[in-house]
Asks: 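Take this structure first; my questions come after.
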Amino acid sequence: MTAPLETRRLTFAYPGHTGGLRDVSVTVQAGRRTALLGPNGSGKSTLLLHLAGILPPAVGSLLLDGTPLGRDAHSLSRWREAVGLVFQNPDDQLFGPTVSADVAMGPRNLGLPSDLVQHATHEALACLHLLALAERPIHALSTGEKRRVALAGVLAMRPRILLLDEPTAGLDAATEANLLAALDARVGVGTAVVMATHDVALALEWADEVVVMTDGQVLLQGAAAALSPAVMAQARLHRTWTRRDPRVLSMENESS
């Protein structure tokens, strides 16, 4: 079966800079939780920008439902209706004067009638426990609240594929749990969710599968249980566990 979203031998370099992507082939499956795992500078954010159709590949291809990404307006519009990206810095994504106005911008830009815009906005705010903040000005929010509003804005557009760049960074445990529950609810209705993170314990607890990156290359794509100490060492991932998932304990025993 064709993967909803995939890259084939994707290569990209930033002009005048090191970094980028080298021969990256990954697949994103519907209804699956995928952790894009790697240290800072490994290429996670660059890959997400490609998956979202924002950066064009220098070499290789991007495919949505088996069709390569075109650069014409129709192709890009189709891509961005299907694929939603939540940036690492929420201030890069929030433009409305209030929480509800910002979340409503996405469905309104899709051309939905006003009643459906209102319904999608309410649903996204409720999903992330933001209804009490609906009329609060964006500038009055904490960083954690801004992260949830940015996610709500993307959820309101109901993409089939949801990409998130370090969404749990700086969140307290309760807020993180609420955010993960919201993502799990989307997975439950068939949405593919890809989360970039350098948190190994989170990846093991949450993900169905992992894509491990280092130096712009993919070391592993497979079941989360396949993430071995050897792969983590090669990817320069630190084992600073904060969770007690049985798989984490097993890996600690294996490496001791």
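Everything numeric here is computed off the predicted structure, so don't read it as measured data.
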Asks: If I compare all heavy atoms of L55 with all of L62, which pair ends up nearest, and what's the gap?
Replies: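 Shortest heavy-atom separation between L55 and L62 comes out as O-CD1, 4.3 Å.
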Asks: Sub-3.5 Å donor-acceptor pair from the side chain of S100 to the main-chain atoms of A134, do we have one?
Replies: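 Yes: the side chain of S100 pairs with the backbone of A134.
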Asks: Given side chains that start at C-beta, do those of L69 and L76 come closer than 4.5 Å, heavy atoms only?
Replies: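 Yes - at least one pair of side-chain heavy atoms lies under 4.5 Å apart.
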Asks: Closest heavy-atom contact between A150 and P90?
Replies: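 A150 and P90 have their closest heavy atoms at CB-CB, 4.3 Å.
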Asks: Could you check whether any side-chain N or O of T121 sits under 3.5 Å from a backbone N or O of V117, counting only pairs where one atom can act as donor and the other as acceptor?
Replies: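 Yes, because the side chain of T121 sits within donor-acceptor range (under 3.5 Å) of the backbone of V117.
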Asks: Mark yes or no for whether R22, through its side chain, and D215, through its backbone, hold a donor-acceptor pair below 3.5 Å.
Replies: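 Flag set: sc R22 to bb D215 pair under 3.5 Å.
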Asks: Side chains of L202 and E176, heavy atoms from C-beta outward: is any pair under 4.5 Å?
Replies: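 Answer yes - side chains close enough.
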Asks: Taking side chain as C-beta onward, heavy atoms only, is M232 less than 4.5 Å from L227?
Replies: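 They are in contact (side-chain heavy atoms under 4.5 Å apart), so the answer is yes.
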Asks: As an exercise, state the distance from CZ of F12 to OG1 of T46, rounded to the nearest 0.5 Å.
Replies: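 Here the interatomic distance stands at 7.0 Å.
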Asks: So, does T7 use its side chain to make a donor-acceptor pair with the main chain of V24 at under 3.5 Å?
Replies: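 Such a contact is found between T7 side chain and V24 backbone.
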Asks: In the structure I gave you, are the side-chain heavy atoms of M213 and V26 within less than 4.5 Å of one another anywhere?
Replies: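 Counting from C-beta outward, M213 and V26 never come under 4.5 Å.
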Asks: Between P167 and L179, what is the shortest heavy-atom contact and its length?
Replies: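 Scanning both residues completely, I find the closest heavy atoms to be O-CD1, 4.0 Å.
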Asks: Is the backbone N or O of L85 less than 3.5 Å from a side-chain atom of Q93, with the two atoms forming a donor-acceptor pair by type?
Replies: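 Confirmed, Q93 side chain pairs with L85 backbone.
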Asks: Can you check whether E6's main-chain N or O pairs, donor with acceptor, with T27's side chain at less than 3.5 Å?
Replies: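 No, because the side chain of T27 does not come within donor-acceptor range (under 3.5 Å) of the backbone of E6.
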Asks: Which pair of heavy atoms, one from L164 and one from L48, lies closest together, and at what distance?
Replies: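 Heavy atoms only, the tightest pair is O-CD1, 3.6 Å.
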Asks: Backbone N or O of F87 within a donor-acceptor pair of the D165 side chain at under 3.5 Å?
Replies: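 Checked: no pair found.
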Asks: Roughly how far, to the nearest 0.5 Å, is the OG1 atom of T175 from the CG atom of L180?
Replies: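 Spacing of CG (L180) from OG1 (T175) equals 11.0 Å.
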Asks: Hey, are the side chains of L5 and W79 touching, using non-hydrogen atoms and a 4.5 Å cut-off?
Replies: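 A side-chain contact exists here, since the closest heavy-atom pair is under 4.5 Å.
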Asks: For R186, which residues count as a salt bridge (Lys or Arg N to Asp or Glu O under 4.0 Å) partner, sequence neighbours excluded?
Replies: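 Expected list: none.
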Asks: Would you compute the distance between atom CZ of R8 and atom CG of D23 and round it to the nearest 0.5 angstrom?
Replies: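 Between atom CZ of R8 and atom CG of D23 there are 13.5 Å.
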Asks: Taking the side chain as every heavy atom from C-beta outward, state whether P107 and L116 have any pair of such atoms under 4.5 Å apart.
Replies: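 Heavy-atom side-chain distance check fails, nothing below 4.5 Å.
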Asks: How many angstroms lie between CZ in R147 and CD in Q88, if you round to the nearest 0.5 Å?
Replies: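 R147 CZ to Q88 CD: 6.5 Å, rounded to 0.5 Å.
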Asks: Report yes or no: does T214 contribute a side-chain atom to a donor-acceptor pair with the main-chain N or O of S42 at less than 3.5 Å?
Replies: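 No, the answer is negative, given that no donor and acceptor are paired below the 3.5 Å cut-off.
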Asks: Which residues pass the salt bridge (Lys or Arg N to Asp or Glu O under 4.0 Å) test with E81, sequence neighbours left out?
Replies: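 Checked E81 against salt bridge (Lys or Arg N to Asp or Glu O under 4.0 Å); zero matches.
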Asks: Are any side-chain N or O atoms of K146 and backbone N or O atoms of D91, one a donor and one an acceptor, separated by less than 3.5 Å?
Replies: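 No, because the side chain of K146 does not come within donor-acceptor range (under 3.5 Å) of the backbone of D91.
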Asks: CG of L141 to CZ of R148: how many Å apart, nearest 0.5 Å?
Replies: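 Atom-to-atom, L141:CG and R148:CZ are 9.0 Å apart.
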Asks: Within this structure, what is the CG-CG distance for the pair L37 and L220, rounded to the nearest 0.5 Å?
Replies: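 Going from the CG atom of L37 to the CG atom of L220 covers 9.5 Å.
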Asks: Can you give me the closest heavy-atom contact between G70 and S75, atom names plus distance?
Replies: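 Looks like O-CB, 3.5 Å.
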Asks: Contact between D184 and R33 at the side-chain level, heavy atoms closer than 4.5 Å - yes or no?
Replies: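 Touching, per the 4.5 Å side-chain cut-off.
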Asks: What closest approach, in Å, do A52 and L163 show between heavy atoms, and which atom pair accounts for it?
Replies: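 Heavy atoms of A52 and L163 come nearest at N-CD1, 3.7 Å.
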Asks: According to side-chain hydrogen bond (donor to acceptor under 3.5 Å, both in side chains), does anything in residues 188-198 pair up with another residue at least two apart or in another chain? List the pairs.
Replies: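 As it turns out, the side-chain hydrogen bond (donor to acceptor under 3.5 Å, both in side chains) pairs with a partner in residues 188-198, which skip direct neighbours, are E166-H198.
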Asks: With a 4.5 Å cut-off on side-chain heavy atoms, are L130 and R136 touching?
Replies: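 They are not in contact (no side-chain heavy atoms under 4.5 Å apart), so the answer is no.
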